[in-house]
Amino acid sequence: MNTTPQPDPRDRPARLTVGVVGAGRVGPALAASLQLAGHRPVAVSAVSDASRRRAGEMLPDVPVVPPAEVLERSELVLLTVPDDALPELVAGLAETGAVRPGQLLVHTSGRYGAKVLDPALRAGALPLALHPAMTFTGTPVDVQRLAGCSFGVTAHDELRLAAEALVIEMGGEPEWIAEENRPLYHAALALGANHLVTLVAQSLELLRTAGVGAPDRMLGPLLGAALDNALRSGDAALTGPVARGDAGTVAAHVAELREHAPGTVAGYLAMARATADRALAHGLLKPELAEPLLGVLAGPSDAAGGTGDTPGDTT
């Protein structure tokens, strides 16, 4: 066993004071992770009661102050606000003189690269876009999940080493994303992660309706295996009635969904069509079976625009 005394992280050089603007699910977790690396959270802004409670749990003893004061106290500032609020926030902070020359300004938006921080750059700040490709709960478990998490990183060349160092200190792996590719990068993650939650929740509800007592226990091993196969093999992992061209089974699915869960029909049809296209393109679905299958997926009520679905919100 190694008995050599380990250095205290707080004794490392170039430790930074850290501030968080926006105590949603992401900011406190990143600040807590940086604290484990020896940096020192000194201020956080939070508006709602929920965000104040989250800040208190994740960053105890760190004062809650207005955004301008967060910047005044911090050498490294995490801007962890919703995507749509980010440009106005950056512009406002720059216009009011809150941004200091030499200050590291980091946003965690997947949609934007470094360009959205140009107003702060003109004020002398050092802009970084560090987006963790992870789903957050707003609890301490998020800090653990950052270990091995990929970060979509966009920064000017001269700040590349600083961006990499911060990501690595949070336990992550930097993945460089070009400025012009940020929206596509973010769309890819949303397609996989956000829509996965919707699909799983719908599946759980349908299994309960079908009388399954423990749908989570039934789905866990199945979905885990499906995800592992997909990550390893891509389209070669496609299975099920659509990939096989079993039009009769798919027709039965659609009929049952129309009766018991009409709100799921549009999603089922869209995903089935996409699955059929990919299975056909990769030689898994035989062309002679594709035609009747696609006929089912474009059934008469669907073609007429009257599926009986009711639109719903998805996130």
Side-chain angles (χ1 to χ4, degrees), residues 82-84 110-111 133 135 137 183-231 233-315:
D83 290 359
D84 287 350
R111 170 185 171 187
T135 182
T137 64
L184 179 60
Y185 151 80
H186 195 224
L189 294 179
L191 182 66
N194 300 158
H195 297 170
L196 175 64
V197 175
T198 301
L199 290 171
V200 172
Q202 288 182 341
S203 184
L204 288 168
E205 290 172 356
L206 291 170
L207 287 172
R208 291 190 189 100
T209 302
V212 175
D216 54 341
R217 189 168 65 230
M218 177 176 284
L219 279 181
L222 173 64
L223 297 185
L227 177 60
D228 184 64
N229 290 343
L231 292 175
S233 305
D235 288 303
L238 286 170
T239 62
V242 173
R244 292 193 300 267
D246 193 344
T249 297
V250 173
H253 289 177
V254 174
E256 287 296 305
L257 293 176
R258 289 194 193 284
E259 179 179 353
H260 297 288
T264 67
V265 173
Y268 181 95
L269 291 173
M271 290 304 298
R273 291 184 191 115
T275 300
D277 288 344
R278 299 188 75 88
L280 188 60
H282 288 80
L284 301 173
L285 174 60
K286 297 178 181 178
E288 61 270 23
L289 297 177
E291 186 173 351
L293 174 66
L294 293 174
V296 169
L297 297 177
S301 59
D302 182 54
T307 64
D309 302 356
T310 54
D313 293 334
T314 58
T315 56

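In what follows, residues are counted from 1 in the order of the sequence shown.
To the nearest 0.5 Å, atom CG of residue Leu293 and atom CG of residue Leu297 are 4.5 Å apart. Going from atom CG of Leu191 over to atom CG of Leu184 covers 10.5 Å, rounded to the nearest 0.5 Å. In this structure, the separation between OG1 on Thr209 and CG on Leu204 is 10.5 Å, given to the nearest 0.5 Å. Taken from OG1 in Thr239 to CG in Leu284, the straight-line distance is 10.0 Å, to the nearest 0.5 Å. Expressed to the nearest 0.5 Å, how far CZ of Arg273 lies from CG of Asp277 amounts to 9.5 Å.
For the pair Pro241 and His253, the tightest heavy-atom approach, listed with the atom from each and the gap, is CG-CE1, 3.8 Å. Closest of all the heavy-atom pairs between Val242 and Leu285 is O-CD1, 3.8 Å. Nearest heavy-atom pair across Ala243 and Ala279 is CA-CB, 4.0 Å. Among all heavy-atom pairs drawn from Leu294 and Ala276, the shortest one is CD2-CB, 4.1 Å. The minimum heavy-atom distance linking Gly110 with Asp83 is given by the pair N-OD1, 4.3 Å. Heavy atoms only, all atoms of each residue included: Arg278 and Asp235 are closest at NE-OD1, 2.7 Å.
Remark: side-chain polar atoms of Ser203 are not paired, donor with acceptor, to backbone N or O of Leu199 under 3.5 angstrom. A donor-acceptor contact shorter than 3.5 Å is absent between the side chain of Arg208 and the backbone of Pro215. Not a single donor-acceptor pair under 3.5 Å links the side chain of His260 to the backbone N or O of Glu256.
Leu206 places a side-chain heavy atom less than 4.5 Å from the side chain of Leu257. Side-chain contact between Val212 and Arg217: absent, with no pair of heavy atoms (C-beta onward) separated by less than 4.5 Å. Between Thr249 and Arg244, the closest side-chain pair of non-hydrogen atoms is not below 4.5 Å.
Within a 6.0 Å radius of CD in Glu288, more than 12 heavy atoms belonging to other residues, nucleotides or ligands are found.
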